[in-house]
Amino acid sequence: MARLTRAQQQERTRAAVLVAARAEFAERGYAEAKVDRIAERAELTRGAVYSNFTGKRALYLAVLAEDAERAAAAAEPPARPPASAGRALGAFARVWLERLPLAGDPPASGHLRLRSLSGVLDTGPARAALAELLRFEALLLALALEPRSPAPIRMTRRAELALTLLHGAAGLAESAPGVGDPFDLAAAAEHLADTALTDDAEPPHLPFVAPARPTADRWAAPRGARDEITGRQVDLGADGVLVVLGVARLSAAEEAVRSARPGDEVTIVVVSGDPAETGRLARLRVVDLVGCLRRVFPAGELPGPRVVLDEAGAVPAALGLGPVDDGAEFAVRVDGGRVVARAEGRGAGHAAAGHGATRDRGRRQGPAPA
């Protein structure tokens with residue numbers, strides 16, 4: 001029998017740890033789970049566990065992310081696409097609410113089913129990252145809903161309201177399983193699509209964002225990147241707008257998406273200074289949302305921007321950036337294999353997406369009449 005390579009052995013150890021961790025969390029819950037017991041279940045040393053995961057929180061997030069990835073991979077598109085934004089939002093809510101624990105479910109296993117983060121994110125930065133991720137989820141949901149709305153309105157606030165309703169129902173289900181009828185909750189979510197809300201205002205800093213800096217830099221785009229929305233590999237060197245955002249700045253994705261020119265390929269590259277925990281939290285939330293979206297919208301009607309989870313920081317490194325953290329915000333416009341514009345800091349995606357817009361408008365309109 002051929003000996004395993006070091007990488008194969010490490011992958012086998014990691015898989016054994018995850019199986020043991022899932023059993024421990026399902027039986028005892030996050031708070032009562034112990035890394036020592038997980039090591040015993042996996043028939044490994046404590047050191048072997050820590051060589052693959054930084055701690056209990058990283059392990060728990062890895063278990064939830066793996067479950068979410070399985071669900072997303074198995075998601076089947078709908079037999080009949082929803083005809084309106086309201087119907088789509090109701091269908092999304094029904095899919096999302098399938099995870100609610102039943103009255104007879106043990107609390108710990110119910111929390112796993114819910115992808116519960118109760119008691120897990122106990123630091124300020126972690127909670128701030130979760131808030132940004134929720135806004136990012138709302139944007140992706142809104143972009144799927146908007147083509148089905150009869151009026152050209154932004155649906156981000158309505159999508160955020162629906163997610164608030166669903167997460168509130170999940171929080172109640174953790175402490176009182178069986179409370180809240182999923183059919184009533186889905187009907188309420190459906191009506192949110194028509195709720196009268198003030199149009200989403202542009203962030204106040206956008207009028208003061210400096211234009212992107214013109215460049216003519218060749219770059220070697222990392223290969224093997226995957227769009228989490230479609231599950232397909234993507235060419236990061238293709239023409240379009242590439243926005244690198246730390247998890248704590250993900251709400252800025254909307255600025256880039258809304259500022260992009262018609263036909264632009266917009267790619268949101270999510271990075272983190274803490275891949276083991278914050279990065280894995282981002283993977284969990286994005287993949288979990290995508291699994292629900294795939295069951296409501298046909299493949300060709302999923303939200304438009306590509307989302308790449310760059311846990312290794314390969315994209316910023318290829319663009320010549322230093323080490324990135326959760327507050328990273330950098331964007332480029334790529335044209336003909338070259339980086340033709342760069343922007344950094346608040347509003348970077350907006351600046352890069354809008355680069356050359358005036359010139360392009362002039363070309364389309366032609367010279368002014370004499």
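No hydrogens, no waters, no symmetry mates; every other heavy atom, side chains included, goes into these values.
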Take atom CD in Glu98; do more than 12 heavy atoms of anything else shown fall under 6.0 Å from it?
-> yes
Under a side-chain separation threshold of 4.5 Å, the hydrophobic residues clustered together with Leu206 are Val209
Charged N to carboxylate O below 4.0 Å: is that the case for Glu228 and Arg226?
-> yes
Looking at Arg261, Glu265, His355, Arg333, which hits side-chain contact (heavy atoms from CB on, under 4.5 Å) with Val241?
-> Arg333
How about Leu281 and Arg285: do any of their side-chain heavy atoms sit closer than 4.5 Å?
-> yes
Answer yes or no: are there more than 12 heavy-atom neighbours, outside Arg346 itself, under 6.0 Å from its atom CZ?
-> no
If Ile, Leu, Val, Met, Phe, Trp and Tyr residues are connected whenever their side-chain heavy atoms lie under 4.5 Å apart, and connections chain through other members, are Leu284 and Val120 in the same group?
-> yes
Applying ring-ring contact (aromatic ring centres under 6.0 Å, His included), which residue pairs with at least one partner in residues 131-182 are found, sequence neighbours left out?
-> Trp96-His167
Are the side chains of Arg306 and Ile268 in touch, meaning some heavy atoms are under 4.5 Å apart?
-> no
Ignoring hydrogens and geometry, is there a side-chain-to-backbone donor-acceptor pair from Asp310 to Ala314 under 3.5 Å?
-> yes
Non-hydrogen side-chain atoms of Asp288 and Leu64 separated by less than 4.5 Å = no
Hey, could you give me the CZ/CZ distance between Arg295 and Arg94, rounded to the nearest 0.5 Å?
-> 11.0 Å
Less than 4.0 Å between a side-chain N and a carboxylate O, is that true for Arg37 and Glu40?
-> no
Where the side chain of Asp325 meets the backbone of Ala328, is there a donor-acceptor pair that is under 3.5 Å apart?
-> yes
Please round to the nearest 0.5 Å and tell me the distance separating atom CD of Glu11 and atom CD of Gln9.
-> 10.5 Å
Heavy atoms of other groups near Arg70 CZ, more than 12 under 6.0 Å = yes
Residues sharing Val324's hydrophobic cluster, by side-chain heavy-atom contacts under 4.5 Å among ILVMFWY, directly or via others?
-> Trp219, Val234, Leu236, Leu242, Val244, Val269, Val271, Val308, Val315, Leu319, Leu321, Phe330, Val332, Val334, Val339
Does CZ in Arg87 sit with more than 12 non-hydrogen atoms of other residues, nucleotides or ligands closer than 6.0 Å?
-> no
Pick from Arg280, Arg22, Arg283: which one makes a side chain to side chain donor-acceptor pair (under 3.5 Å) with Glu66?
-> Arg22
Residues passing the side chain to side chain contact (heavy atoms under 4.5 Å, CB included) test with Ala348, sequence neighbours excluded, are Glu329, Ala331, Ala343
Test log, rule salt bridge (charged side-chain N to carboxylate O under 4.0 Å, His left out), inputs Arg342 and Asp217 | CA-CA 10 Å; Arg342 290 174 176 259; Asp217 304 333; 3.2 Å; yes
Please name the pair of heavy atoms, one in Gly237 and one in Ala221, separated by the smallest distance, quoted to 0.1 Å.
-> N-CB, 3.5 Å
Determine, using the 4.5 Å side-chain heavy-atom cutoff (strictly less than), whether Val19 and Tyr30 are members of one ILVMFWY cluster.
-> no
Under 4.0 Å between a Lys/Arg side-chain N and an Asp/Glu carboxylate O for Asp67 and Arg99?
-> no
Which residues share a side chain to side chain contact (heavy atoms under 4.5 Å, CB included) with Thr45, sequence neighbours left out | Ala48
With Phe297 via ring-ring contact (aromatic ring centres under 6.0 Å, His included) - residues at least two apart = none
Which residues share a side-chain hydrogen bond (donor to acceptor under 3.5 Å, both in side chains) with Arg14, sequence neighbours left out | none
Shortest non-hydrogen contact between Ala260 and Val266, atoms and distance | CB-CG2, 3.6 Å
Pairwise side-chain contact, Pro214 with Val340, heavy-atom cut-off 4.5 Å (strictly under) = no
Can a salt bridge be assigned to the pair Glu146 and Arg154 using a cut-off of 4.0 Å between side-chain N and carboxylate O?
-> no
Where the side chain of Ser109 meets the backbone of Pro106, is there a donor-acceptor pair that is under 3.5 Å apart?
-> yes
Taken in chain and number order and not counting sequence neighbours, the residues that satisfy salt bridge (charged side-chain N to carboxylate O under 4.0 Å, His left out) with Arg28 are Glu24
Specify the closest pair of heavy atoms between Ala351 and Ala210, including all atoms of both residues, with the distance to one decimal.
-> CB-O, 3.5 Å
Verdict with supporting geometry, Thr54 and Glu277, side chain to side chain contact (heavy atoms under 4.5 Å, CB included) | CA-CA 8 Å; Thr54 57; Glu277 294 192 9; 3.6 Å; yes
Nearest non-hydrogen partners of Gly279 and Ser272, listed with the distance | N-OG, 3.6 Å
Please report the closest heavy-atom contact between Pro303 and Ile229, naming both atoms and the distance.
-> O-CG2, 3.8 Å
Please confirm whether the backbone N or O of Leu250 pairs with a side-chain atom of Glu132, one donor and one acceptor, at under 3.5 Å?
-> yes
All salt bridge (charged side-chain N to carboxylate O under 4.0 Å, His left out) counterparts of Glu174, not counting sequence neighbours | none
CG of Leu143 to CG of Leu302: how many Å apart, nearest 0.5 Å?
-> 11.5 Å
The reported gap from CG in Leu161 to OG1 in Thr156 (rounded to nearest 0.5 angstrom) is 12.5 Å
Please walk me through it: do Arg158 and Ile153 pass side chain to side chain contact (heavy atoms under 4.5 Å, CB included)?
-> CA-CA 11 Å; Arg158 293 166 179 83; Ile153 58 173; 3.9 Å; yes
State the OG-CG distance between Ser84 and Leu145, to the nearest 0.5 angstrom.
-> 9.5 Å
Go through the side-chain N and O atoms of Glu255 and His205 and say whether any donor and acceptor fall under 3.5 Å apart.
-> yes
Applying ring-ring contact (aromatic ring centres under 6.0 Å, His included), name anything that partners Phe25, two or more places apart in sequence or on another chain.
-> Tyr60
Reported CG-to-CZ distance for the pair Asp326 and Arg249, which is rounded to 0.5 angstrom | 12.0 Å
Listed by chain and number, what are the side chain to side chain contact (heavy atoms under 4.5 Å, CB included) partners of Val35, not counting sequence neighbours?
-> Arg46, Val49, Tyr50, Lys56
Going through the distances and angles, do Arg148 and Glu301 end up as a salt bridge (charged side-chain N to carboxylate O under 4.0 Å, His left out)?
-> CA-CA 10 Å; Arg148 289 176 161 75; Glu301 298 177 22; 2.3 Å; yes
Would you say Arg80 and Pro78 make side-chain contact, with heavy atoms under 4.5 Å?
-> no
For Asp122, what residues pass the side-chain hydrogen bond (donor to acceptor under 3.5 Å, both in side chains) criterion, not counting sequence neighbours?
-> Arg57
Considering all heavy atoms, the nearest Ser251-Arg135 contact = CB-CD, 4.0 Å
Does the side chain of Val307 come within less than 4.5 Å of Val270's, by heavy atoms?
-> yes
